[in-house]
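A quick write-up on the structure given underneath.
Here the structure is a predicted model, which is why all the values come from computation and not from measurement.
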Amino acid sequence: MATVLSGTSGALYYKPAGTSGTFKAADVTNASNSINVGTFLNFKVNDKVSFTAGGGTLPGGLAEGTPVFVLTYTASTGATTFAATAGGSELALADDGTDGTSPFGIDYTEFQSVANVRSWSFEVTREEIDVTTIGSTLGQAAPFRTFISGFADGTGSAEVYFTDDDTGISARLIEDVTQRNQAGATFKLYMDAVVSAGTPNDAASRSISVEAVLTSASYAVTPDDAQAVSISFRPTAAPTFDFAKS
């Protein structure tokens with residue numbers, strides 16, 4: 001007999017908006033160990049990031065598959081420095097690197113658990129395309145229209161409790177609705193998060209991954225309820241549905 005899942009094992013994980021960028025060798029200043037990763041993004045101190053080489057060679061001191069941490073980021077100039085560990089010393093860049101067929105990439109590395117989520121929802125819909133034809137032989141009953149399915153779309157929401165901790169990922173999620181450049185915003189919605197060593201075991205969990213744009217935040221305050229913010233989002237690419245346990 002199948003076991004019916006309940007919402008008690010659900011969870012929401014998130015990568016912040018504005019934490020995906022590109023740059024070229026000309027954007028690297030190895031004399032000051034800084035890289036212009038793009039202006040007015042949303043990188044914060046101690047964000048864990050990874051790089052892609054785009055077919056070229058990354059600046060000396062960086063390597064694909066080896067995450068580093070943001071040490072400083074100046075939004076108005078895009079200048080960013082890094083450290084090998086969170087809060088560590090400035091990482092030295094030995095050279096500017098060599099451009100490849102695509103720009104270098106920088107992305108927020110790992111999903112973070114949004115601990116103050118009351119609930120989340122995600123709805124997938126399909127367009128209906130009318131392909132009814134005329135000219136068939138009429139009978140006693142009225143003919144029925146014929147439809148085929150068209151493009152898919154999705155909408156999602158999450159209700160997040162507002163707390164006095166303005167450093168957590170939940171506060172960042174709430175603030176990200178107003179982030180102009182939302183590249184990198186990604187939700188991982190778990191139906192049943194099976195946690196191993198403090199992180200979800202994706203081979204044993206069921207989830208939906210959604211690259212998204214955040215579209216609204218609804219704030220309300222009442223004397224008798226905990227303060228919660230309702231966040232709405234839409235996918236920017238086809239979601240990934242992982243409902244099988246391997």
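Two residues are said to be in side-chain contact when any heavy atoms from C-beta on lie closer than 4.5 Å; E123 and T125 meet this criterion. You'll find the side chain of Q227 stays beyond 4.5 Å of the side chain of Y161, heavy atoms only. Side-chain contact between E159 and V117 is absent, with no heavy atoms from C-beta onward closer than 4.5 Å. Side-chain contact between T146 and T133 is absent, with no heavy atoms from C-beta onward closer than 4.5 Å. Two residues are said to be in side-chain contact when any heavy atoms from C-beta on lie closer than 4.5 Å; E128 and F147 meet this criterion. A 4.5 Å side-chain heavy-atom check between F241 and V124 finds at least one atom pair inside the cut-off. You'll find the side chain of S50 stays beyond 4.5 Å of the side chain of D107, heavy atoms only. In this structure, the side chains of P67 and V49 stay at 4.5 Å or more apart for every pair of heavy atoms.
Using modelled atom types, one side-chain atom of E64 and one backbone atom of A53 make a donor-acceptor pair closer than 3.5 Å. Counting only distance, with no hydrogens or angles, the side chain of W120 and the backbone of A11 share a donor-acceptor pair below 3.5 Å. Using modelled atom types, one side-chain atom of D95 and one backbone atom of G60 make a donor-acceptor pair closer than 3.5 Å. Listed for the N42 side chain is a donor-acceptor partner under 3.5 Å among the backbone atoms of A17. Proximity of a side-chain donor or acceptor of T80 to a complementary backbone N or O of N36 within less than 3.5 Å is not detected. When atom types are taken as modelled, the side chain of Q182 and the backbone of D176 share a donor-acceptor pair closer than 3.5 angstrom. A distance-only check finds no donor-acceptor pair linking the side chain of S170 to the backbone of G168 [under 3.5 Å].
For the residue pair S232 / S216, a side-chain donor-acceptor distance below 3.5 Å is found, with atom types taken as modelled. Donor-acceptor pairing under 3.5 Å is recorded for the side chains of S121 and S157. Between T222 and D224, the side chains place no donor N or O within less than 3.5 Å of an acceptor N or O (distance only, hydrogens not considered). Residues N201 and S196 have side chains that never bring a donor and an acceptor to within less than 3.5 angstrom of each other.
Counting all heavy atoms, side chain and backbone alike, F104 lies closest to T98 at CZ-O, 3.4 Å. Of all non-hydrogen atoms in G154 and P235, the two that sit nearest each other are O-CD, 3.1 Å. Here the closest heavy-atom approach between residue S113 and residue I169 is recorded as O-CG2, 3.0 Å. In plain terms, the two heavy atoms of V28 and D96 that are nearest each other are O-OD1, 3.4 Å. Between P239 and V210 the shortest heavy-atom distance is CB-CG2, 4.2 Å. A185 and Y14 make their closest contact through CB-OH, 4.1 Å (heavy atoms, listed as atom of the first residue, atom of the second, distance).
Summarising the local packing, CZ of F151 is surrounded by 12 or fewer heavy atoms from other residues, nucleotides or ligands at distances under 6.0 Å. Other residues, nucleotides and ligands contribute only 12 or fewer heavy atoms inside 6.0 Å of the CZ atom of F144.
Between R126 and D153, no side-chain nitrogen of the basic residue sits less than 4.0 Å from a carboxylate oxygen of the acidic one, so the salt-bridge criterion is not met. Using a 4.0 Å cut-off between charged nitrogen and carboxylate oxygen, R172 and D166 do not count as a salt-bridge pair. With respect to D192 and R206, a salt bridge is recorded, a charged nitrogen being found less than 4.0 Å from a carboxylate O.
Taking OG from S230 and CZ from R118, the interatomic distance works out to 11.5 Å, rounded to the nearest 0.5 Å. Rounded to the nearest 0.5 Å, atoms CD1 (I129) and CD1 (I148) are 4.5 Å apart. With rounding to the nearest 0.5 Å, the separation of OG in S207 from CE in M191 is 6.5 Å. Here NZ of K48 is found 15.0 Å from CZ of F82. Values are rounded to the nearest 0.5 Å. Rounded to the nearest 0.5 Å, atoms OH (Y13) and CZ (F111) are 11.0 Å apart. Taking NZ from K188 and CG from D242, the interatomic distance works out to 7.0 Å, rounded to the nearest 0.5 Å.
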Review point. Is there a side chain to side chain contact (heavy atoms under 4.5 Å, CB included) between L41 and N181 once you walk through the steps?
Key: CA-CA 6 Å; L41 295 177; N181 184 338; 3.3 Å; yes
Practice item. Carefully, step by step, assess F43 and V37 under the rule side chain to side chain contact (heavy atoms under 4.5 Å, CB included). Key: CA-CA 10 Å; F43 289 108; V37 299; 4.0 Å; yes
Check your understanding: side chain to side chain contact (heavy atoms under 4.5 Å, CB included) between K44 and Y73: does it pass, once the steps are laid out?
Key -> CA-CA 7 Å; K44 308 289 187 185; Y73 174 70; over 6 Å; no
Check your understanding: Do D165 and T163 pass the side-chain hydrogen bond (donor to acceptor under 3.5 Å, both in side chains) test, and can you show the C-alpha distance, the side-chain angles, and the key distance before you say yes or no?
Key -> CA-CA 5 Å; D165 179 10; T163 74; 5.3 Å; no
Practice item. Decide side chain to side chain contact (heavy atoms under 4.5 Å, CB included) for L93 and I35; before the verdict, give the C-alpha distance in whole Å, the side-chain angles of both, and the deciding distance to 0.1 Å. Key: CA-CA 9 Å; L93 302 178; I35 301 174; 3.8 Å; yes
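Taken together through direct or relayed side-chain contacts under 4.5 Å among Ile, Leu, Val, Met, Phe, Trp and Tyr, I231 and F162 form part of one hydrophobic cluster. Criterion: ILVMFWY side-chain heavy atoms under 4.5 Å apart, direct or through other members. Under it, V160 and F122 are part of a common hydrophobic cluster. Note: the hydrophobic cluster containing L214 also contains V114 (ILVMFWY, side chain heavy atoms under 4.5 Å, direct or indirect links). Note on L62 and I106: same hydrophobic cluster, where clusters join Ile, Leu, Val, Met, Phe, Trp and Tyr whose side-chain heavy atoms are under 4.5 Å apart, directly or indirectly. Taken together through direct or relayed side-chain contacts under 4.5 Å among Ile, Leu, Val, Met, Phe, Trp and Tyr, Y190 and F187 form parts of separate hydrophobic clusters.
Using bins of under 30°, 30° to 60° and over 60° for the plane-to-plane angle, the ring pair F51/F23 lands in the perpendicular bin.
Each of L71, T74, D27, T29 was compared with S34 under the side chain to side chain contact (heavy atoms under 4.5 Å, CB included) criterion, and only T29 meets it.
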